[in-house]
Amino acid sequence: MSDDETDWGASLSELSAVGHAPLIPPPPSGLPRVIIHIDLDCFYAQVEMVRQPALRSQPMGVRQKQMVITTNYTARARGIPKSGSVQALTQAYPELILVNGEDLYEYRRFSQRIFEVVSSMTFAHAVERLGMDENFIDVTPWVHAHLSAPAEIDPSPVQGHVFQAASWDKSDPVHRCLALGSVLAQRIRTRIREELGLTSAAGIAVNKTLAKLVGGCHKPDDQTLLLPDQTLALLQTLPSPRSIPGIGSATHASLLELGIDTLADLQAAQVSNLAEMFDRETAERLIQLSQGIDPSPVKTSGRPQSIGLEDRFKVITTRDESKTKLKWLWGRLAQLIYEDGRIPRVIRVTARDQIKERAQGRRWLKESRQTQIAGHILTGLKTNPDLPQREESQVVDICLSLLDKMVNHSAPYQLTLLGIGVSDFPPETANTIQNYFVAGAKETRNEKRQPKRSHAAMTPPNEEAMCQPTPDIDEAIRPCSKKVKPAPLAIPVCDVSDIPHDWDPEVWANLPMDIRTELLASQPIQSRTNVKPLNKKTKSIASYFQKKS
DNA sequence: GTGGATGAG
DNA sequence: CATTCTCATCCAC
């Protein structure tokens, strides 16, 4: 037990990745990983403020049905909570302006653009999305490359806060690594603000869990660095094991059953203590997480594996109402599939039946049914956001037949949720580098489409019949619902110092992200700072856009 | 492959 | 506590 109280146990395990060989990427010569976690401040509210700048000075929140899911910092400065029920908040704070955020369309777009900005600045490094507004970035290679610059010339000042700064040692190479990470984090956040007008918070640490946790120390619009030797100090500030990302309500409940109430209890636990409720691997992971040890790699997020829409409502009791709702959902989903550009092979319908829930004594009971969908039905979405009439009714009929598997229309039921989702996209073979450079092959690439129209103005069908209409509070300040489209995002030019010197930055900047990633991935890391001969594989492609000198 | 459980924001 | 509207992962079947 005494070894758990020394505060360098965690950092040691991080430094030498022994014991986690299968999970960890090859450890960079004794130095720690450097992970940045970027978290947008009250994301939905910020997006709405960008779309409507007049909202900036107002206490404002974003509403979905009867829930206020986030408020802006103007509201929070007045003591308004981050979230709550519409009822409670509007009663206590009549000045609070609410914007409807049930349609995630714009948030999705901003989220994609944030990912693009981050990816464009971090080159071939892994960027992993978490939800709409968070990104993990493994910047270890960049840090490594810049660490080799003479330390005396570049003392690499820290950007932002250092958690418990007293133990800062500028000559410690581990501290220097993290300091470099903080410099990059600051640049990334600045770029997100410049390009998109959004502020964010960041955490810099040796793994994902710690980066995320420490990033919460200074919000909004600021960043915090965690030194490995302050890991336990940070963890001691957490009120409960539930505060650890990865320990959700179910795991927390299981821990409580085992008599593990506090984080200290979990830190001191043995795998054998947890064996009743968890398998060995999970038990080990939970104990490690409680000690700030997290070997999980930052995974590169690709395109989504599924796209879905759900709508909750007061109640639906007939097949006809369901059909109307499904038609409306499908119309919106078709637009999203069109913009994605890939044709899914599976379609899924989700439903929630209050009567079934009560019968089974459950608080929530979501059911879903899925089926393969014949290729020819959806191919129209490759070129058009709307399907031909025939195909559209085929899709709606398929959805209804899936619904029929869940609800018995000859017995009473009360649906309170319907959703449609698609998945099983064919693997993307069109994005290979060969394909891109083959003459005339450009059109075969799976380019992301420009959105044609916004669905923000679309309202659910028969909404008045199916649910109590909620007064549009935001209409009060937005009498003319002017569609504010965010300016198209130009992929920013990289820092010249960060790409090989003989590559033309302008050409580089105009290359699609996947091509850049492929090129840099094939590029030895040292060549970003030192000139090295191109290897054979890269040469032929790289020569296409080398500076003509 | 299907559908539910869990966890994330 | 879940509320809302998602998306990913894991796992029994």
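The analysis underlying the following values was restricted to heavy atoms, covering all of them including side chains, and did not include hydrogens, waters or symmetry mates. Note that the structure is predicted; figures quoted are calculated from it, not measured.
Separating the P atom of C:dT4 from that of B:dG3 is a span of 24 Å, rounded to the nearest Å.
The side chain to side chain contact (heavy atoms under 4.5 Å, CB included) test applied to A:S368 returns A:R348, A:T350, not counting sequence neighbours. Remark: A:K82 engages no residue in a salt bridge (charged side-chain N to carboxylate O under 4.0 Å, His left out) (not counting sequence neighbours). A:D41 meets the side chain to side chain contact (heavy atoms under 4.5 Å, CB included) test with A:Q46, A:Y73, A:T199, A:A201, A:P220, A:D221; sequence neighbours excluded. Residues satisfying the side chain to side chain contact (heavy atoms under 4.5 Å, CB included) test with A:Q87, not counting sequence neighbours, are A:S85, A:Q91. Annotation: salt bridge (charged side-chain N to carboxylate O under 4.0 Å, His left out) contacts of A:R352 (sequence neighbours excluded): A:E357. A:D39 meets the salt bridge (charged side-chain N to carboxylate O under 4.0 Å, His left out) test with A:K219; sequence neighbours excluded. Residues that satisfy the side chain to side chain contact (heavy atoms under 4.5 Å, CB included) test with A:S240, not counting sequence neighbours, are A:R242, A:S243, A:H252.
Taking a 4.0 Å limit (strictly below) on heavy-atom distances, residues 367-377 of chain A reaches DNA chain B at A:E367, A:S368, A:R369, A:Q370.
In this structure, A:F110 CZ and A:Q112 CD are separated by 11.5 Å, a value rounded to the nearest 0.5 Å.
For the residue pair A:K208 and A:P297, the shortest heavy atom distance occurs at NZ-O, 3.3 Å.
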Identify each atom pair where a protein N or O and an N or O of nucleotides 9-13 of chain C are less than 3.5 Å apart, giving names and distance.
| residue | atom | partner | partner atom | Å |
| --- | --- | --- | --- | --- |
| C:dT9 | OP2 | A:Q305 | OE1 | 3.3 |
| C:dT9 | OP2 | A:Q305 | NE2 | 3.2 |

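Side-chain nitrogen and oxygen atoms of A:K65 include at least one within less than 4.0 Å of the OP1 or OP2 phosphate oxygen of C:dC5.
The nucleotide range of DNA chain B contacted by chain A, defined by atoms under 4.0 angstrom from heavy atoms of the protein and reported 5' to 3', is B:dT2 to B:dG9.
A:R285 comes within 4.0 angstrom of no nucleic acid atom, judged by non-hydrogen atoms across all strands. Heavy atoms of A:G421 sit nowhere under 4.0 angstrom from any nucleic acid atom. Here A:R108 lies in heavy-atom contact (under 4.0 Å) with sugar-phosphate atoms only. Backbone-only engagement by A:R362 is indicated by non-hydrogen atom pairs under 4.0 Å involving sugar-phosphate atoms exclusively. No engagement by A:S83 is indicated, since no non-hydrogen atom pair under 4.0 Å with the nucleic acid exists.
Summarising the geometry, the separation between CD on A:Q64 and C1' on C:dT4 is reported as 4 Å, rounded to the nearest angstrom. The distance from atom CZ of A:R109 to atom P of C:dT6 is 17 Å, rounded to the nearest whole Å. For the pair A:F43 CZ and C:dC5 P, the interatomic distance rounds to 17 Å; values are reported in whole Å. As a whole-Å value, the separation of A:E134 CD from C:dT6 C1' is 14 Å. For the pair A:I307 CD1 and C:dC7 C1', the interatomic distance rounds to 11 Å; values are reported in whole Å. When the P atom of C:dC7 is taken as reference, atom CD1 of A:I337 falls 11 Å away, rounded to whole Å. Taking atom CD on A:E128 and atom C1' on C:dC7, their separation rounds to 12 Å, with Å as the unit. Distance A:D311 CG to C:dC5 P: 6 Å, rounded to the nearest Å.
Relative to the ring axis of A:W328, A:R332 places its NZ or CZ within 45° and under 6.0 Å from the centre.
In terms of position along DNA chain C, the nucleotide closest to A:R242 lies nearer the 5' end than the nucleotide closest to the other residue of the pair A:R242 and A:I69. Toward the 5′ end of DNA chain C lies the nearest nucleotide of A:S85, the other residue of the pair A:S85 and A:G308 mapping further downstream.
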Validation: residues 395-407 of chain A side-chain donor-acceptor distances under 3.5 Å, sequence neighbours left out:
| residue | atom | partner | partner atom | Å |
| --- | --- | --- | --- | --- |
| A:S401 | OG | A:I398 | O | 2.7 |
| A:D404 | OD1 | A:R319 | NE | 3.1 |
| A:D404 | OD1 | A:H409 | NE2 | 2.7 |
| A:D404 | OD2 | A:R319 | NE | 3.4 |
| A:D404 | OD2 | A:R319 | NH2 | 2.8 |

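Looking at A:L415 and A:V315, their side chains never come closer than 4.5 Å, going by heavy atoms from C-beta outward.
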Pair pattern of DNA chain B in dot-bracket, where unpaired bases get dots and | marks partners in another strand, Watson-Crick or G-U under 3.5 angstrom: |||||||||
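Under the 30°/60° scheme for interplanar angles, the aromatic rings of A:F136 and A:H37 are found to be tilted.
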